[in-house]
Protein chains: 2
Amino acid sequence: MTEAASRPTLEAVAARAGVSRATVSRVVNGGDGVREPVAERVRQAVAELGYVPNQAARSLVTRRHDAVAVVIAEPETRVFADPFFALQLRGISKELTAHDNQLVLLLTEGRDDHARVARYLAGGHVDGALVFSLHLDDPLPGLIHDAGVPTVFGGRPGWGDDGRTADATPSSGHDPGVVYVDCDNRGGARAAVRHLVDLGRTRVAHLTGALDQTSAVDRLDGYRDVMAEVPGASDPRLVVESDFTPGGGERAMRELLGRCPDVDAVFAANDLTALGALRVLRASGRRVPEDVAVIGFDDMLPVAMETDPPLTTVRQDIEEMGRLMARLLLRGLAGGRDRTAAAEQPPAAGGVILPTTLIRRASA
Amino acid sequence: MTEAASRPTLEAVAARAGVSRATVSRVVNGGDGVREPVAERVRQAVAELGYVPNQAARSLVTRRHDAVAVVIAEPETRVFADPFFALQLRGISKELTAHDNQLVLLLTEGRDDHARVARYLAGGHVDGALVFSLHLDDPLPGLIHDAGVPTVFGGRPGWGDDGRTADATPSSGHDPGVVYVDCDNRGGARAAVRHLVDLGRTRVAHLTGALDQTSAVDRLDGYRDVMAEVPGASDPRLVVESDFTPGGGERAMRELLGRCPDVDAVFAANDLTALGALRVLRASGRRVPEDVAVIGFDDMLPVAMETDPPLTTVRQDIEEMGRLMARLLLRGLAGGRDRTAAAEQPPAAGGVILPTTLIRRASA
DNA sequence: CTGAAAGCGCTAACAG
DNA sequence: CTGTTAGCGCTTTCAG
């Protein structure tokens, strides 16, 4: 019952099996080069004693931890307001678990926390980090880079975009070899807008996301790509800045209706924004999709399926993004194990863009 | 730049400051009993070398990790469908961070994972665990108990309720000294139903949550408490089993309307269920609250505020629950440090119930 | 194929 | 107050 007293050590197992510690260690770690009968005896002892290796001792010598940090930086309170991160976390967790790695969650609550996170990462507690860099001006990427921890970003990091830089610290030079996973925001947006155009809509508007996030910028770019192709379609008044929230969607839609009462299609930066827009549209007496067609982005089932009418939207596989991030990091880590002097180099370098699909429902 | 080569050790700092390792250790850990000038010199050296203590080495000797596991067991995919866990996590993270503890997230994906989690916990990687035990028949609580790790549960564990037991393994005897944090589900439900009764409603129905979770059972009990007090109010047909989801709410509401077309008030087990009910009610041509008053539970802002009409609901402070769980665990851990032979005893023993408040909006 | 020995970096008595 | 001395439990050469 309460044998929690003190867990058995390698020594104990060795004694019981009548072998040396080294042999037990070998068996426990894959058992290469140990004759079967001996190995069996060791396994026996391990089972009987309920031996579990002490990670601290192991890490001390191997300098590995089989642990990965997941950093979610979000000043705003609404971080988890949508299931987005939760889904990514699931994906990450699955992949990590499959490779016997632990997930250490680091939530940041504003600037002060950045130092803490940087210190933790620099402290070498984990083998690598998965970072969700949400805002263009976030200093975190720079700090993490300085910490020298192999990292994979979730979503294209914002710096280097247009001359913008996270900060001016000399040491935070952003190397080009950044690894990140993102979905094809621009392509998805293009598909959505093109669909709207193909529907014969001539006044296609866009309610943007928070433009300090690359996903919002990329979706806006995708919208512009298509609008530029259609003669006479572009009209700056058709673009209203919003913030990825339902409330923001309402405000933006109201604004849009004021500016362009003749709008006949709306591409919202995400489903939540579309939700808000839908409400305002309904309140204004417009029918969807007859009078105004609406398309969202993300395909968050609980939202998209439940709107009235059900939302046509651009689907991205969020859980898969998480899984992929973890896979890339782990792969890089495995590669780095062949300590090529400059060990711990980043995973693979480059971005991986996952495809998106247009899901047609009733709203467009 | 790339000084990631190999981090400086205590030894290095000691050499640089011209003192012994022990002294550096003292300064790094609070610096008691070190003369100021010396301490200053050490801090200097630490800063110059960018020294960060090696946790593995420290844990090896202190047998502490300053890390806590958060176990979220959820077979269903919809774990994160609602912001519930996310909020608790935030609360936990904040409290843990304030006490310099790390959060190791363990997500389980079905029965196979239980063994993994149990092994991890038993492996002594963390100082304690915060466990969300969602289902009455979950074997996890038993396994965790066996692992002998100080634990605080989120939500009242289901076993011991009514003779039900998690499993029959002899070693999984559920000690009564379980520590958990929950909100006053029963009291909150009572307040809601009483409010409905006070409004003059005579046919008050209840759409339950998933009854394999104690929160759902407790809310049902609260409903019954009040109904039993009102002569002639009880009617078994007024209770329809549902599952905490919008879809379930819809189904249940339809069922209810079929059974009791004269229903004039509905207490839904949570906001999501209420959301579904609202939709069916509207579709059936009933006005809310004129014809049927509706009350939810949770006060998930993104849901409750956005329904039509805005939802009257029972609020619980989810983030605070998380924070409290962490605080209780940490306190217990601190207490256990005075190794009273049977060290590592559970935190405080007993449940802490957080209050709920009825938030009146337009739906009732 | 197996054992002996040497630490990994740190803390914790115990001296001085 | 500060330094010395032992390990914590494990992996890993290096012999045998």
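Each chain gets a letter, A, B and so on, in the order the sequences are listed, and its residues count up from 1.
Out of D/dC10, D/dG3, C/dG9, the shortest distance to the side chain of B/Ala22 is found at D/dG3. Between D/dT13, C/dC10, D/dT11, one nucleotide has an atom nearer to the side chain of B/Ala57 than all others, and that is C/dC10. In the set D/dT12, D/dC8, D/dT2, the nucleotide with an atom closest to the side chain of A/Ser25 is D/dT12. Taking the side chain of A/Arg21 as heavy atoms from C-beta on, and the options D/dC10, C/dC10, C/dC8, the nearest nucleotide is D/dC10. The side chain of A/Pro53 sits closest to D/dC10 out of C/dG3, D/dT2, D/dC10. Taking the side chain of B/Leu10 as heavy atoms from C-beta on, and the options C/dC14, C/dC8, C/dT11, the nearest nucleotide is C/dT11.
Nearest-nucleotide positions on DNA chain D for B/Leu60 and B/Ala39 put B/Ala39 closer to the 5' end.
Put simply, B/Arg58 has a side-chain N or O that comes within less than 4.0 Å of OP1 or OP2 on C/dT11. Taking side-chain N and O atoms only, A/Arg63 has no distance below 4.0 Å to OP1 or OP2 of D/dT11. Taking 4.0 angstrom as the limit, B/Asn54 places none of its side-chain polar atoms (N or O) nearer than this to OP1 or OP2 of C/dC8. Side-chain nitrogen and oxygen atoms of A/Ser20 include at least one within less than 4.0 Å of the OP1 or OP2 phosphate oxygen of C/dG3.
In this structure a side-chain-to-backbone donor-acceptor pair under 3.5 Å is present from A/Thr151 to A/Val149. When atom types are taken as modelled, the side chain of B/Thr97 and the backbone of B/Ser93 share a donor-acceptor pair closer than 3.5 angstrom. No side-chain donor-acceptor contact under 3.5 Å links B/Asp127 to the backbone of B/Arg64. Put simply, the side chain of A/His114 never gets that close to the backbone of A/Leu140: no donor and acceptor are under 3.5 Å apart. In this structure a side-chain-to-backbone donor-acceptor pair under 3.5 Å is present from B/Ser59 to B/Gln55.
The distance from atom NE2 of B/His125 to atom P of D/dG9 is 15 Å, rounded to the nearest whole Å. When the P atom of D/dT2 is taken as reference, atom CZ of B/Arg26 falls 8 Å away, rounded to whole Å. Residue B/Arg35 contributes atom CZ, which lies 13 Å from atom C1' of D/dG3 at whole-angstrom precision. Atom CD of B/Glu36 and atom C1' of D/dC1 are 13 Å apart (whole Å). B/Asn29 has its CG atom 16 Å from the P atom of D/dT2, to the nearest Å. Atom-to-atom, CZ of A/Arg41 to P of C/dC1 comes out at 15 Å; the value is rounded to the nearest Å. Taking atom CZ of residue A/Arg64 and atom C1' of nucleotide C/dC8, one finds them 15 Å apart after rounding to whole Å. One atom, CD of B/Glu11, and another, P of D/dG3, lie 12 Å apart when rounded to the nearest Å.
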